[in-house]
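Treat the numbers as computed from the prediction; the structure is a model and nothing was measured. Computation of the quantities below employed the complete heavy-atom set of this structure, encompassing side-chain atoms and omitting hydrogens, waters and symmetry-equivalent molecules. Sequence positions, counted from 1, serve as the residue numbers for this chain.
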Amino acid sequence: MLAFDPLYRAMAAHLRGDFAEVERFTAEAARWSRGVPGSMGPIIADAQTFLVRRTQGRHLDLEPLVRKAADSLPAMRQWRCSLALVLAELGREDEARRELQHLAAEDFEEVPRDGQWIVSLSLLAELCALLDDRRHARRLYELMVPYKGRNVVSMGAVYLGPVARYLGLLAMTSGEDERALGHLETAREAAERMGARPTVVLTALDTSDVLARRAAPGDWQRARALVQRVLDDPVAQRMHGALARAADLRARLGDAVAPTDRATSSGTVHACLRREHDAWLLRYEGRSVHLPDAKGLHHLATLLASPGTPIVSLALAGEPDGATAAGILRAARERGAGLEEAQASNDPERVASARAEIESSAADRAAAGAVRGAAEERARINVTRAITASLKQIAEHEPELGHLLQRTIHTGSTCTYRPDPRSPVDWEINR
């Protein structure tokens, strides 16, 4: 028990936001555990180190730790989830998405249902929120919601917060703002009862993010108040990642009137996106700016011209591989038709030849699926990256419009522009 006592002390120190004490007790536990056969102390100490450094925003320090653990402990899937999350937080989204696709095999059924299962799912919930992955977020929500009243605790000495917080993140990612706010309020109350101050800070920022995205009347004022509370919190002062996120939210919210408040007072806003030779004219509320031609603007124009209509990324990108896959499948179907004709004519030689071709068509279909799958993934990544870059450029010139589009343009394998009825915009599109 000597090795575990400092680990429990480390968890208590993390709950109250005393990060220096976490580091001290974790180091003490590692010393006690060294050389003890079969001791779990070093693994738990690594988990404590991961948690405290991530809470403090020290992501660059984390990749070597989690990568080593993920490679040396493949059965403990939570380390692979941790690695994917760290990669996403370091801005390496392509690598993070590849890890997520591997972890999401069979709708996450391959994540071992052991004592660390809920830990793995909580890490994946944060990952989906960072990557804005709606499809996987919905499945994770289904898996986690039966445990909504519980806390996430790893190996008996690492506290990751209420399950309700992760349900809130998943609901937010799925576009269900009301449900997200309900879960986050539950999580905040639970964290406050436990005295888990870092979790209270993170939940306040999560709530602010949802309010900023929803932008109903009064939401921005509530979000700004929560952000200010975080900035004034002594514990948050030692959470550099939380401070950076709070500063970003404050800049995003600013002192401007929320889009819905503006719409309520002045009605529908007119906007224009028109291509002019090698540039695009963007006009919003009487102001105009010319943007250099970019693929993302072409994709945006297509989406804005068809509000509410899902458009697959493959179509937006104009991927030729999709046509290649279709050709392979068409050829396979033609072989099937050839067999039917041969059987109808009672020609044994033609039947045998057609059957031989049919046997090879299974491989052709598999090849077609692989070709199309690769094309879809490439299109999803490229289209998402291009649209994100263009939205960022628009936000630099028109912050209010940029944030509105970030809330209403949804990317992924399928992209959609879902207008917010509370912030009506009449778009004039000319491509």
Side-chain angles (χ1 to χ4, degrees), residues 8-23 25 47-48 50-59 85 89 118-119 121-123 125-127 129-130 144 147-154 157-173 177-214 218-250 252-253:
Y8 294 135
R9 290 176 181 270
M11 181 169 69
H14 186 270
L15 281 173
R16 61 179 182 266
D18 192 340
F19 303 121
E21 286 288 274
V22 177
E23 297 272 16
F25 285 125
Q48 282 284 11
F50 164 76
L51 181 62
V52 71
R53 291 183 182 176
R54 183 166 175 263
T55 303
Q56 290 179 299
R58 296 162 58 186
H59 299 102
L85 183 55
E89 289 172 326
I118 198 69
V119 174
L121 264 57
S122 68
L123 295 167
E126 288 198 78
L127 178 61
L130 279 174
M144 296 188 76
Y147 308 92
K148 61 185 178 181
R150 301 187 184 183
N151 288 299
V152 182
V153 180
S154 170
V158 181
Y159 170 77
L160 284 84
V163 171
R165 182 191 171 219
Y166 300 100
L167 291 172
L169 293 175
L170 293 169
M172 176 184 72
T173 306
D177 294 337
E178 291 297 328
R179 181 174 292 178
L181 290 171
H183 285 307
L184 292 173
E185 177 63 17
T186 298
R188 182 191 62 78
E189 292 175 353
E192 286 186 341
R193 285 195 303 271
M194 293 183 64
R197 296 181 65 187
T199 302
V200 172
V201 169
L202 294 174
T203 307
L205 292 173
D206 298 334
T207 303
S208 299
D209 200 8
V210 178
L211 292 170
R213 286 166 49 143
R214 188 178 69 168
D219 278 356
W220 279 25
Q221 290 85 341
R222 288 176 58 197
R224 281 196 294 270
L226 286 169
V227 168
Q228 190 58 49
R229 192 181 308 167
V230 166
L231 292 171
D232 294 339
D233 191 308
V235 170
Q237 298 304 312
R238 300 188 292 274
M239 298 170 61
H240 305 302
L243 286 177
R245 186 179 169 196
D248 180 69
L249 273 165
R250 185 165 65 175
R252 176 177 163 190
L253 293 164

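- Using a 4.5 Å cut-off on side-chain heavy atoms (C-beta onward), Val158 and Phe50 make no contact.
- Arg165 has its side chain within reach of Leu202: a pair of non-hydrogen atoms, C-beta onward, lies under 4.5 Å apart.
- The side-chain contact (heavy atoms from CB on, under 4.5 Å) test with Val210 singles out one residue from His183, Glu178, Met172, and that residue is Met172.
- With rounding to the nearest 0.5 Å, the separation of CZ in Arg238 from CG in Asp18 is 6.5 Å.
- Side-chain N or O atoms of Glu192 include none that pairs as donor or acceptor with a backbone N or O of Ala187 at under 3.5 Å.
- When all heavy atoms of Pro234 and Arg197 are compared, the closest pair comes out as CD-NH2, 3.9 Å.
- From Ser122, atom OG reaches atom CG of Leu169 across 10.0 Å, with rounding to the nearest 0.5 Å.
- Within the model, atoms CG of Leu181 and CG of Asp219 stand 7.5 Å from one another, a figure rounded to the nearest 0.5 Å.
- Listed for the Arg250 side chain is no donor-acceptor partner under 3.5 Å among the backbone atoms of Val227.
- Within 6.0 Å of CZ on Arg16 lie more than 12 heavy atoms contributed by other residues, nucleotides or ligands.
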- Task: Verify side-chain contact (heavy atoms from CB on, under 4.5 Å) between Leu123 and Leu160, making sure each step is shown before the conclusion.
- Result: CA-CA 9 Å; Leu123 295 167; Leu160 284 84; 4.1 Å; yes

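- Listed here is the closest heavy atom pair of Val119 and Ser154: CG2-CB, 3.6 Å.
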- Query: Can Arg54 and Leu85 be said to form a side-chain contact (heavy atoms from CB on, under 4.5 Å), step by step?
  - Reply: CA-CA 10 Å; Arg54 183 166 175 263; Leu85 183 55; 3.2 Å; yes

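- Considering all non-hydrogen atoms of both residues, Gly161 and Tyr166 come closest at O-CE1, 4.3 Å.
- The side-chain heavy atoms of Val200 and Met194, taken from C-beta on, include no pair separated by under 4.5 Å.
- The closest side-chain heavy-atom distance from Thr186 to Pro162 is not below 4.5 Å.
- Atom CZ of Arg193 sits about 10.0 Å away from atom CZ of Arg188, to the nearest 0.5 Å.
- Atoms CG and CG, on Asp206 and Leu211 in that order, are 11.0 Å from each other to the nearest 0.5 Å.
- The shortest non-hydrogen separation linking Leu15 to Pro198 is O-CD, 3.2 Å.
- Rounding to the nearest 0.5 Å places CG of Leu243 at 9.5 Å from CG of Asp233.
- Taking each heavy atom of Leu51 and Tyr159 in turn, the nearest pair found is CD2-O, 3.2 Å.
- Ala180 approaches Gly168 most closely through the heavy-atom pair CB-O, 3.4 Å.
- Side-chain contact between Leu205 and Leu226 is absent, with no heavy atoms from C-beta onward closer than 4.5 Å.
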